[in-house]
Amino acid sequence: MNKKYFIETYGCQMNKSDSELMQLSMDSEGFTEAADKNEADIIIYNTCSVRKNAEDRAYSNIRESKAHMRRKNGIVVASGCMAQRIGQKFIDDKIADLVIGPYTSPRIGQIVKNYIKGGRQQLFISQEKDKFTERLNPGLISSKDSTPWHKWITITHGCENFCTYCIVPYVRGPLISFSSGHILDFIKKSAMSGVMEITLLGQNVNQYGQDNKDIPFYELLDRASLINGIEKINFLTSHPKDFDHRIVDVISSRGNIADSIHLPLQSGSDSILQAMNRKYSVEHYLKIIEKIKSTLESYFISTDIIVGFPGETEKDFLETLNVIKQVGYDEIFTYAYSPRLGTTASGLENQVPEETKKERLSELIKAHREAAHAKLKTFVGNQQRIIIERVSKKDDNKVMGRTFLNHPAVMDGNINDIGRIYNIKITELKGATFIAEKI
Ligand code: SAH
Ligand code: SF4
Ligand code: F3S
């Protein structure tokens, strides 16, 4: 068919991992990847709906591409979460030729091929069970991405927690856990083909196995850690309401699970947490943090915070600041609340002004920086293990990697170090990056 395609990806790791599947599907139907958009006959936008600005950016890029592609008779595809949400409107507005939701996007190659042959169907957003395509495609084992020793491994799809601000359950559908047998087999085969680091992915990995009566997440983590050749395991995301303390015990008993936990707090105020339908209290959250700190010798804790949820008062916000100072996170991801049509919170009356959200964001970031810097400084002089990821952007004679706690570190090295594991000594802290030397 000799047509070239280009995929532009927005949003979370789920989408990045879905883009790998789309690439596989396009390649297996005979399409080839283009170096950039200009060279492409088919442009695929894998979109995100989580916040308005993510959608706006994608929408204007899709519209611009369509105008450009009209001249060369090319095809524009909208896939991912926004495709699911906006659906037919993309076609009615003549902005996209094909609209493919997450259930079908891993079969994109066939869909595009049929369309080129004259197929009339343009909308593929059904969430019927028989349309769902599993993410553990054996073809992915041999496909190499930019970090060939690492694989994203989706263990669940969808989410049914309905946090009141969040669009994900509406666009991704209900929780679907993949069989532990398939997952472990996939990891084994990946390890045999040279993969040494994996990241297990789910909107809430702690709910793994609840829908299909499979093993619980801590058990899956334990079994994965016993697979020969797997040197480092990461996992995302842990919802505090379902967090099983045995996860921390498994991390502590195995040397190859990163002591690194992403535990979104969202807010440090109990009344806001309740309005968000998060189903935990700050006290419950802090018990998990205590368990991590008392069990693991060293640890990396990151979180997500939303400021300006409807009704958030100055007092609520101060409570969030207090938790930030108390926990001392290694990394925080901060967001201004963005109303999403169709979610419960978007209909609430007491919306917070944008100006206030901005002020709260900058206060939050400042408090975090101070707390994080104090913790990072205590690492100087320590030894760590590291996997080298890339040559430094600023200096060809330096390389960058992440320690087993996932802190970034820079040291002398060259391109041959990429994908290698070293023991290092941390000599200095610059901003949030360690300067280190190999030992
Ligand atoms: N499943 C994960 C998060 C998925 S979305 C979890 O439960 O933690 C990633 C992050 O985006 C969320 O943690 C939240 O902080 C943020 N987010 C989601 N919806 C949002 C909205 N409407 N406005 C602002 N931030 C939002
Ligand atoms: Fe959204 Fe909540 Fe599900 Fe996370 S757990 S994806 S925040 S609904
Ligand atoms: Fe965005 Fe969809 Fe992920 S809405 S955050 S790409 S699940």
Side-chain angles (χ1 to χ4, degrees), residues 8-19 22 45-58 78-86 101-103 105 125 127 135 152 154-176 201-208 210 235-243 261-268 272-273 275-280 285 302-310 312 320 329 331-348 351-352 354 357-358 360-361 364:
E8 187 157 296
T9 310
Y10 299 81
C12 66
Q13 291 312 339
M14 293 283 171
N15 260 16
K16 296 200 175 108
S17 153
D18 284 359
S19 285
M22 291 203 278
Y45 285 93
N46 194 9
T47 57
C48 170
S49 284
V50 83
R51 280 169 293 276
K52 185 171 181 298
N53 53 8
E55 279 204 342
D56 288 349
R57 206 155 36 95
S79 72
C81 296
M82 203 176 159
Q84 188 69 33
R85 196 177 84 74
I86 297 195
Y103 269 37
S105 59
I125 59 169
Q127 288 190 335
R135 270 43 187 178
W152 300 104
T154 309
I155 62 167
T156 65
H157 184 97
C159 178
E160 44 199 72
N161 289 314
F162 291 97
C163 302
T164 55
Y165 50 81
C166 184
I167 194 78
V168 173
Y170 302 89
V171 287
R172 287 265 166 173
L175 176 73
I176 303 174
L201 281 181
Q203 292 298 348
N204 173 10
V205 291
N206 303 327
Q207 276 174 316
Y208 174 79
Q210 285 181 6
F235 58 92
L236 286 173
T237 293
S238 286
H239 194 310
K241 83 177 163 69
D242 304 300
F243 191 90
I261 296 175
H262 183 59
L263 196 64
L265 170 70
Q266 311 298 1
S267 167
I272 296 294
L273 284 175
M276 287 175 162
N277 191 32
R278 290 290 285 178
K279 299 198 175 96
Y280 54 84
Y285 183 93
S302 54
T303 200
D304 291 351
I305 305 283
I306 297 177
V307 300
F309 182 84
E312 186 188 66
T320 302
Y329 291 99
E331 194 167 15
I332 65 170
F333 300 91
T334 55
Y335 307 104
Y337 168 70
S338 166
R340 308 282 57 220
L341 206 65
T343 61
T344 314
S346 73
L348 297 174
Q351 299 286 330
V352 173
E354 291 306 315
K357 289 183 198 169
K358 264 195 209 151
R360 290 183 185 169
L361 273 183
L364 194 61

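Quick note: numbers below take in every heavy atom, side chains included, and nothing from hydrogens, waters or symmetry partners. Quick caveat: nothing in here was measured; it's all calculated off a predicted structure. Along the sequence shown, residues carry numbers from 1. Just so you know, ligand 1 is whichever comes first in the structure, and atom 1 is the first atom listed for that ligand.
The closest approach between any non-hydrogen atom of S49 and ligand 3 is below 4.0 Å. Under a 4.0 Å heavy-atom criterion, M14 is not in contact with ligand 3.
Pairing each heavy atom of G308 with each of Y337, the nearest pair is O-CB, 3.3 Å. Here the closest heavy-atom approach between residue K52 and residue S338 is recorded as N-OG, 2.9 Å. The two residues S238 and N204 make their nearest non-hydrogen contact at C-OD1, 4.3 Å. Here the closest non-hydrogen pair linking P169 and F162 is CB-CE2, 3.5 Å. The minimum heavy-atom distance linking Y280 with K241 is given by the pair CD2-N, 3.8 Å. Heavy-atom minimum distance, K357 versus V307: O-CG2, 3.6 Å.
Below 4.0 Å from some heavy atom of R172 lie the following atoms of ligand 3, by number and element: 7 (S). Close approach of ligand 3 to N15 is summarised as follows: ligand atoms under 4.0 Å from at least one heavy atom of the residue are 6 (S).
Residue contacts to atom 3 (Fe) of ligand 3: C12 brings an N, O or S atom closer than 2.8 Å. Inclusion of C81 in the first shell of atom 2 (Fe) of ligand 3 is supported: an N, O or S atom falls under 2.8 Å.
Of all protein heavy atoms, the one closest to atom 7 (S) of ligand 3 is Q203 NE2, 3.3 Å. Nearest to atom 7 (S) of ligand 2 among the protein's heavy atoms is Y165 OH, 3.4 Å. Distance from atom 1 (Fe) of ligand 3 to its nearest protein heavy atom, with residue and atom name: C48 SG, 2.4 Å.
In this structure, R51 forms a cation-pi arrangement with Y335, its terminal cationic atom sitting closer than 6.0 Å to the ring centre and no more than 45° off the ring axis.
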Test side chain to side chain donor-acceptor pair (under 3.5 Å) applied to S19 and N46, step by step: CA-CA 7 Å; S19 285; N46 194 9; 3.0 Å; yes
Worked verdict on L263 versus Y285 for side chain to side chain contact (heavy atoms under 4.5 Å, CB included): CA-CA 9 Å; L263 196 64; Y285 183 93; 3.6 Å; yes
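Considering only heavy atoms from C-beta on, S267 stays 4.5 Å or farther from R278 through its side chain.
Inspection of the environment of atom 3 (Fe) of ligand 2 yields the following protein N, O or S atoms under 2.8 Å: C159 SG.
Checked by atom type and distance alone, the side chain of R340 pairs as donor or acceptor with a backbone atom of S49 at under 3.5 Å. Q203 contributes no side-chain N or O that, together with a main-chain N or O of G158, makes up a donor-acceptor pair within less than 3.5 Å. Remark: the backbone N or O of Y45 is paired with a side-chain donor or acceptor of S79 at under 3.5 angstrom. Under a 3.5 Å cut-off, the side chain of N15 and the backbone N or O of T47 do form a donor-acceptor pair.
Listed by chain and number, residues touching ligand 1 at under 4.0 Å (heavy atoms only) are V50, R51, Y165, Q203, T237, P264, Q266, R278, D304, I306, Y335, A336, Y337, S338, R340.
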